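Notes for the one structure printed next.
Note that the structure is predicted; figures quoted are calculated from it, not measured. In listed order, ligands and their atoms are each counted from 1.
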Amino acid sequence: MKQRLEELFWQKFGQKPQYAVRAPGRVNLLGEHVDYNDGLVLPAAIDRATLVVFSPAQGDESRLYAADFAEEAAFTLAGLPAKTQTDASPLPDWALYPAGVMWALHAEGLNIPALHAVFASDVPRGSGLSSSASVEMAFVSAWQTLAGWNLPPMRRALLGQKAENEYVGVNCGIMDQFASACGVQDHLLLLDCRSLDWQEVALPPDLAIVVADTTVRRKLTSGEYNLRRAACEQAVQILSAPLLGIRALRDVTPQAFNQHAHLLPPEVEKRARHVVEEIDRTAKAVESLRQGDLPAFGEAMNACHASLRDLYEVSCPELDVMTRIAQSLPGCYGARLTGAGFGGCTVNLVKREQAQAFAQALAAGYQSETGLSPEIYTCQTSNGAGQA
Ligand code: GLA
């Protein structure tokens with residue numbers, strides 16, 4: 001991919017790009033839809049990434065070419081608040097991510113030189129593997145490389161999140177940008193989304209993380225996503241009458257929740273119950289993982305899927321079929337949808353020596369039930385964003 005982008009850069013800008021950076025997508029093993037509730041998440045950066053080749057530009061105009069869309073966009077700092085290009089036309093959707101990053105870095109008072117860049121990604125869009133965060137973190141790295149400031153990875157992640165929340169308009173949590181910035185090869189990352197403390201959790205070598213793409217792409221996600229987040233906030237507001245001092249659903253134990261759940265409107269109760277139980281489930285499952293109890297960890301993944309399907313209502317028929325078949329196959333400890341939901345991928349924890357047979361059987365089963373050809377592969381965990 002790098003060579004192809006370098007050639008495109010030549011065609012567009014008549015020279016060789018000076019730098020290249022990459023930022024990975026992520027898969028999340030457990031702790032879904034809890035990052036914006038101050039909960040615990042367990043993602044890993046994966047071997048699918050956004051790659052940017054770039055050079056500093058003269059003047060104040062940045063020009064980007066998105067190889068995946070065969071489209072160019074040009075913008076300056078001055079046009080960013082209006083989300084317009086240099087010629088006053090609106091920024092295309094894909095350009096909101098790099099432009100949002102530039103906007104967020106500028107808001108932070110950082111020096112951000114104009115650049116010429118060509119980029120592409122092999123993180124499938126809308127698949128639950130965080131293609132947007134990988135684009136954001138790749139451009140934060142690109143500007144860091146050019147400008148010479150050096151922010152710790154968590155600060156870079158927070159600026160990527162700010163771009164997505166305040167510029168793109170998706171009220172996401174910190175998990176995806178964190179995983180893309182801080183990934184460590186052969187490890188899962190356990191992040192406490194309140195304190196932002198995190199630890200590496202070694203992945204047992206005899207385990208494979210198998211990603212299964214339903215090929216169904218989510219629609220209207222940002223609207224549904226923001227609604228889920230609003231329901232969680234409403235639950236905190238109502239529960240803070242009996243439970244003085246709570247700041248987020250993180251502060252509500254399952255016992256306290258059961259005691260006061262009747263105060264919540266039925267839909268809000270379902271959403272909040274998922275979050276409260278998922279935070280508890282993740283904390284316990286991480287202990288199981290550390291003790292090598294993979295069946296217990298896998299059970300928690302299965303329970304997570306059921307909860308996302310029935311309580312949080314972010315699954316879809318294809319994700320349910322993929323998960324149900326996976327859970328019935330030999331060697332599979334656990335299977336569930338990963339990421340925001342509404343389509344995209346499932347994550348499966350499988351005994352390494354059975355991973356290939358598992359992938360084949362899962363693909364055949366899914367195809368015969370849905371008529372769709374899935375993409376199923378064992379993914380490798382990777383390091384976070386940096387030089388390519
Ligand atoms: C998306 C968001 C994350 C997180 C997940 C659900 O990927 O970007 O912040 O909320 O959904 O766990």
Numbered atoms and elements of ligand 1 in range of M175, under 4.0 angstrom, heavy atoms: 4 (C), 5 (C), 12 (O)
Check for a donor-acceptor pair, side chain of T323 on one end and backbone N or O of L319 on the other, with a separation under 3.5 Å. yes
Qualifying residues under side-chain contact (heavy atoms from CB on, under 4.5 Å), relative to S368, sequence neighbours excluded: none
Run through K270, R228, R273 and flag the one making a salt bridge (Lys or Arg N to Asp or Glu O under 4.0 Å) with E313. K270
If the cut-off is 4.0 Å to any non-hydrogen atom of E32, which atoms of ligand 1 fall inside it? 6 (C), 12 (O)
Run the numbers for me: atoms of ligand 1, each under 4.0 Å from some heavy atom of A340, listed by number. 1 (C), 11 (O)
The atoms of ligand 1 lying under 4.0 Å from a heavy atom of Y225, numbered in the order shown, are 1 (C), 2 (C), 3 (C), 4 (C), 9 (O), 10 (O), 11 (O)
Quick one: do the R26 and S130 side chains pair a donor with an acceptor below 3.5 Å? yes
Atoms of ligand 1, numbered as shown, that sit under 4.0 Å from any heavy atom of R26: 7 (O)
Please list, in number order, the atoms of ligand 1 under 4.0 Å from a heavy atom of D176. 1 (C), 2 (C), 3 (C), 7 (O), 8 (O)
Distance only, no hydrogens: is a donor on one side chain within 3.5 Å (strictly under) of an acceptor on the other, for S373 and Q367? yes
Tell me every residue that passes side-chain contact (heavy atoms from CB on, under 4.5 Å) with A67, counting only those two or more places apart in sequence or in another chain. R4, L5, L8, Y65, A120
In terms of atom number and element, which parts of ligand 1 are under 4.0 angstrom from non-hydrogen atoms of C172? 2 (C), 8 (O), 9 (O)
Checking a contact table here: which protein heavy atom is nearest atom 9 (O) of ligand 1, and how many Å away? D35 OD2, 2.5 Å
For G173, the ligand 1 atoms with a heavy-atom partner under 4.0 Å come out as 9 (O)
So, regarding H33 and ligand 1 (criterion: nitrogen or oxygen to nitrogen or oxygen, under 3.5 Å), is there a contact or not? yes
Between R336 and G298 (side chain of the first, backbone of the second, donor and acceptor by atom type, cut-off under 3.5 Å), is there such a pair? no
